[in-house]
Visitor: 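Take this structure first; my questions come after.
In this chain, numbering begins with 1 at the start of the sequence shown.
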Amino acid sequence: MTKNYILKPFEIVQEKTLLLSGFLIGVTFCIIQLFTQTRSIAILKQVSLKSAPILVQTLADFVITTTIMTMALFILGKIINNKTRFIDILNTVLIARICLDLGVLFDINGYFSNISNLLIENISNPETLLITHRPQIIYMTIVSLSAIFLLVAFAYYIYQGFKTATHLKTKTPIIAFILVILIVDILTRFITRLY
């Protein structure tokens with residue numbers, strides 16, 4: 001039964017529970033970002049900063065990116081099935097983005113940012129880099145593989161939630177679904193850089 005809660009939360013867990021969980025976990029990750037040098041400026045984009053972001057930034061990023069993605073997917077959902085409910089799309093976005101928000105955990109106390117800066121500074125000498133910074137390279141490799149896994153998990157949850165919310169039966173709207181996610185992601189990158 002636990003497996004179904006993890007793999008198919010949109011079919012099993014009640015909408016109010018999903019909404020509350022998604023919102024609380026999202027706000028928790030906004031607070032966690034205060035201990036990193038990372039900011040989630042879009043659903044699919046986290047940027048490294050020279051210092052920790054402030055709470056107003058992280059909360060605004062969360063609200064803006066979640067709202068715009070929800071609205072765009074809701075409009076697409078209404079085109080696909082007029083009975084699509086806003087709450088179902090909002091829950092889809094909130095739950096799916098948890099996967100990508102986990103990526104901020106790799107940069108607690110700026111650890112990942114410091115390693116990436118160190119590797120970039122020494123990129124011109126790869127032999128020395130491999131010898132003197134082997135643990136950092138291993139860490140970067142683990143983080144990179146984890147990031148790929150989290151991206152796949154995001155894709156799985158956003159698709160499963162959208163499919164459930166719209167009662168999607170055909171594969172044809174998938175291209176529009178992917179395009180909407182990518183366009184909204186690019187749009188929110190510009191909006192969240194304004195402050």
Visitor: Return the set of residues passing salt bridge (Lys or Arg N to Asp or Glu O under 4.0 Å) with R193 (not counting sequence neighbours), or none when no residue passes.
Guide: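 R193: no salt bridge (Lys or Arg N to Asp or Glu O under 4.0 Å) contacts found.
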Visitor: Are L7 and L150 in one and the same hydrophobic cluster, where Ile, Leu, Val, Met, Phe, Trp and Tyr link if side-chain heavy atoms are under 4.5 Å apart?
Guide: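 Linked within one cluster.
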Visitor: Using distance only, find each side-chain donor-acceptor pair of residues 94-105 under 3.5 Å and give its atom names and separation, not counting sequence neighbours.
Guide:
residue : atom : partner : partner atom : Å
R97     : NE   : D101    : OD2          : 3.3
R97     : NH1  : T65     : OG1          : 2.8
R97     : NH1  : T66     : OG1          : 2.7

Visitor: Under 3.5 Å, is there a donor-acceptor pair between the side chain of T67 and the main chain of I64?
Guide: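 No; zero donor-acceptor contacts below 3.5 Å.
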Visitor: Between the side chain of D88 and the main-chain N/O of A165, is any donor-acceptor distance below 3.5 Å?
Guide: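 Pair absent, no side-chain N/O of D88 close to backbone of A165.
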Visitor: Taking N81 for its side chain and H167 for its backbone only, find out whether a donor-acceptor pair lies under 3.5 Å.
Guide: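 No; zero donor-acceptor contacts below 3.5 Å.
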Visitor: Do V93 and I178 share a hydrophobic cluster (ILVMFWY, side-chain heavy atoms under 4.5 Å, transitive)?
Guide: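 Same cluster.
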Visitor: I need the full list of salt bridge (Lys or Arg N to Asp or Glu O under 4.0 Å) pairs touching residues 19-38, with sequence neighbours left out, sorted by first then second residue.
Guide: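 Salt bridge (Lys or Arg N to Asp or Glu O under 4.0 Å) check on residues 19-38 returns no pairs.
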Visitor: What about Y156 and F10, same hydrophobic cluster or not, with Ile/Leu/Val/Met/Phe/Trp/Tyr joined at side-chain heavy-atom distances under 4.5 Å?
Guide: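 Same hydrophobic cluster.
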Visitor: For the pair I41 and Q46, evaluate side-chain contact (heavy atoms from CB on, under 4.5 Å) and give the outcome as yes or no after the intermediate values.
Guide: CA-CA 6 Å; I41 62 166; Q46 294 175 347; over 6 Å; no
Visitor: Check the surroundings of atom CD1 in I175: do more than 12 heavy atoms from other residues, nucleotides or ligands lie under 6.0 Å from it?
Guide: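 It does not: I175 CD1 has 12 such atoms or fewer within range.
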Visitor: Sequence neighbours left out, what pairs pass side-chain hydrogen bond (donor to acceptor under 3.5 Å, both in side chains) with at least one residue falling in residues 15-37?
Guide: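 Sorted pair list: E15-R85.
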Visitor: If hydrophobic clusters are built from ILVMFWY residues whose side chains come within less than 4.5 Å, do L182 and V47 share one?
Guide: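 No, L182 and V47 fall in different hydrophobic clusters.
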Visitor: Taking the side chain as everything from C-beta on, heavy atoms only, tell me whether F154 gets closer than 4.5 Å to L44.
Guide: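 In contact.
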Visitor: Crowded around Y139 OH? As in, over 12 foreign heavy atoms under 6.0 Å?
Guide: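 Counting other residues, nucleotides and ligands, OH of Y139 exceeds 12 neighbours.
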Visitor: Would you kindly confirm whether L76 and I68 end up in one hydrophobic cluster when ILVMFWY residues are joined by side chain heavy atoms under 4.5 Å apart?
Guide: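 Yes; I68 is reachable from L76 via cluster members.
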Visitor: Looking at K8, is its backbone amide N or carbonyl O close enough to the side chain of E11 to form a donor-acceptor pair, meaning the two atoms are under 3.5 Å apart?
Guide: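 It does not hold such a pair.
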Visitor: Are F62 and F29 near enough that their ring centres are under 6.0 Å apart?
Guide: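 No: the rings miss the under 6.0 Å criterion.
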Visitor: Got a donor-acceptor contact below 3.5 angstrom from the D185 side chain to the I181 backbone?
Guide: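 Absent.
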Visitor: Report the residues that fulfil salt bridge (Lys or Arg N to Asp or Glu O under 4.0 Å) with D61, sequence neighbours left out, ordered by chain and then residue number.
Guide: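 D61: salt bridge (Lys or Arg N to Asp or Glu O under 4.0 Å) contacts with R39.
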Visitor: Any chance the rings of F106 and Y111 have centres within less than 6.0 Å?
Guide: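 That pair fails the under 6.0 Å test.
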Visitor: Walk me through whether F112 and T38 qualify under side-chain contact (heavy atoms from CB on, under 4.5 Å).
Guide: CA-CA 9 Å; F112 183 77; T38 303; 5.8 Å; no
Visitor: Would you mind listing every ring-ring contact (aromatic ring centres under 6.0 Å, His included) that reaches into residues 66-97, with sequence neighbours excluded?
Guide: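 Sorted result for residues 66-97: F74-F86.
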Visitor: Please check: side-chain N/O of T70 versus main-chain N/O of L90, any donor-acceptor pairing under 3.5 Å?
Guide: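 Side chain of T70 to backbone of L90, a donor-acceptor pair under 3.5 Å: no, none is there.
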